[in-house]
Amino acid sequence: MTGKARVFVLGSTGSIGRNTIAVIDHLRHSGDAEFEIVGLAANSSVRELSEQAEQLGVGHVAIANLDAAENYRGPGRIYAGPSGAAELIRNNARPGDTVVAAVVGAAGIEAVIAGIECGCRIALANKETLVAAGCLVMPMAASAGVEILPVDSEHSAIFQCLHGEERLESVERIVLTASGGPFRGRSRDEMATASLEDALAHPTWSMGPKISIDSATLANKALEVIEAHWLFGLPAEQIDAIIHPQSFIHGMVEFVDGSILAQAGPPDMRTPIQLALTWPNRAVAPGQRMSWTELRELTFEQVDHDAFPMIRLAWEAIRDGGTAGAVFNAANEAAVEAFRARRLSFGGIFEAVQAACAACPPVPVVDLESILNADASARAVVQSGVNADGNLSWIS
Ligand code: MG
């Protein structure tokens, strides 16, 4: 490669975005690889965005929230509004650029599609894109000859374990590990009234609020099961999850001959971010190394699907196909939003998602419009608080 590799960081003020900027800075200092960040996108954190743009000398920024965009005082051309990130890409991306897609939620879909259309390599941290729109995005990427490199640690693990494996028939199943979150071992009743603060206290990973709450409900693992379905082309029956509280093994592939390959390492998001940027090469990373002298045990537990029903709903969504993934994702996003606004109990998140999945039967996906419609219907069910019985049961 000649010159610097150009990168767009979408969701630059979030946990993955900040870490991406740190990784790129580290790679530059270590002399391993030169990346130039040419565009940044954020939702509403304009102060941090302007600092980033200033520091990195970025010429283009996107700000999803229109009110926030008015207060932006940093450098660069501004693309404002919900489609701003997609416009930023369409107007500035060149084939071979990298788009780090780290916007949270279904809001990130359009920009990923724009990146694919521009021939960009996608470093995907926005799992909701594949959960809701995998049936559009994956064929699009394949026909454009665009690589989608997972940033999610579990999928980065599976991706690495499958590398060089040409035949999917050789795979018996893949297993995603889950830390179990802060409520591991609790029954449904015991966590029904858990507080927002408790739900945000993740034991092993430091992450943004949406994904922290998703880790507490195991919706994060459920979304990752659907994400894995689209990334690796496997049916629901061949995708499993297991609780592994140490978060040392990130994912495993079990082959038909009984062999299991696992990818492991200290839990540090910079590792999969860096790999997605440098792949197929590896570069020295600054993170902590495994301390083999301190390692005592690696433990595994079965997921309690009665207490945490989200993964079952994910398997169902894969089997149902069509808009089922979009409905599951949107219902969960709306429920988490209501929980963060203290309008919904922790236990109500499960109820709301289950009710929305039941109320919005899947229809075939024709285009992005079908996905956005399903997304809106699911959100409406959760927001109205009307469950299958017509009771206002979960939002006060
Ligand atoms: Mg993950």
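For the single chain, residues carry numbers from 1 onward in sequence order. Counting starts at 1 for both ligands and their atoms, following the listed order.
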*Asks:* Among the N, O or S atoms of Glu224, which one sits nearest to the Mg ion (ligand 1)?
*Replies:*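 Per the distance ranking, Glu224 contributes OE2 as its closest N/O/S atom to the Mg ion (ligand 1).
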*Asks:* Report the atom name of the nearest N/O/S atom of Glu154 relative to the Mg ion (ligand 1).
*Replies:*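 Nearest N/O/S atom of Glu154: OE1.
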*Asks:* I want to check a possible cation-pi pair here: Arg77 against Tyr79, using under 6.0 Å from ring centre and within 45° of the ring axis as the test.
*Replies:*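 Yes, cation above the ring, under 6.0 Å and within 45°.
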*Asks:* What class does the angle between the rings of Phe159 and His163 fall in, given that below 30° is parallel, 30 to 60° is tilted and above 60° is perpendicular?
*Replies:*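 Ring orientation of Phe159 relative to His163: tilted.
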*Asks:* Is Lys210 paired with Glu333 through a side-chain N to carboxylate O contact shorter than 4.0 Å?
*Replies:*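 So Glu333 does not pair with Lys210 through a salt bridge.
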*Asks:* Asp152: which N/O/S atom is nearest the Mg ion (ligand 1)?
*Replies:*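 Output for this pair reads OD1.
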*Asks:* Does Glu172 have more than 12 heavy atoms from other residues, nucleotides or ligands lying within 6.0 Å of its CD?
*Replies:*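 Atom CD in Glu172 is packed in, count exceeds 12.
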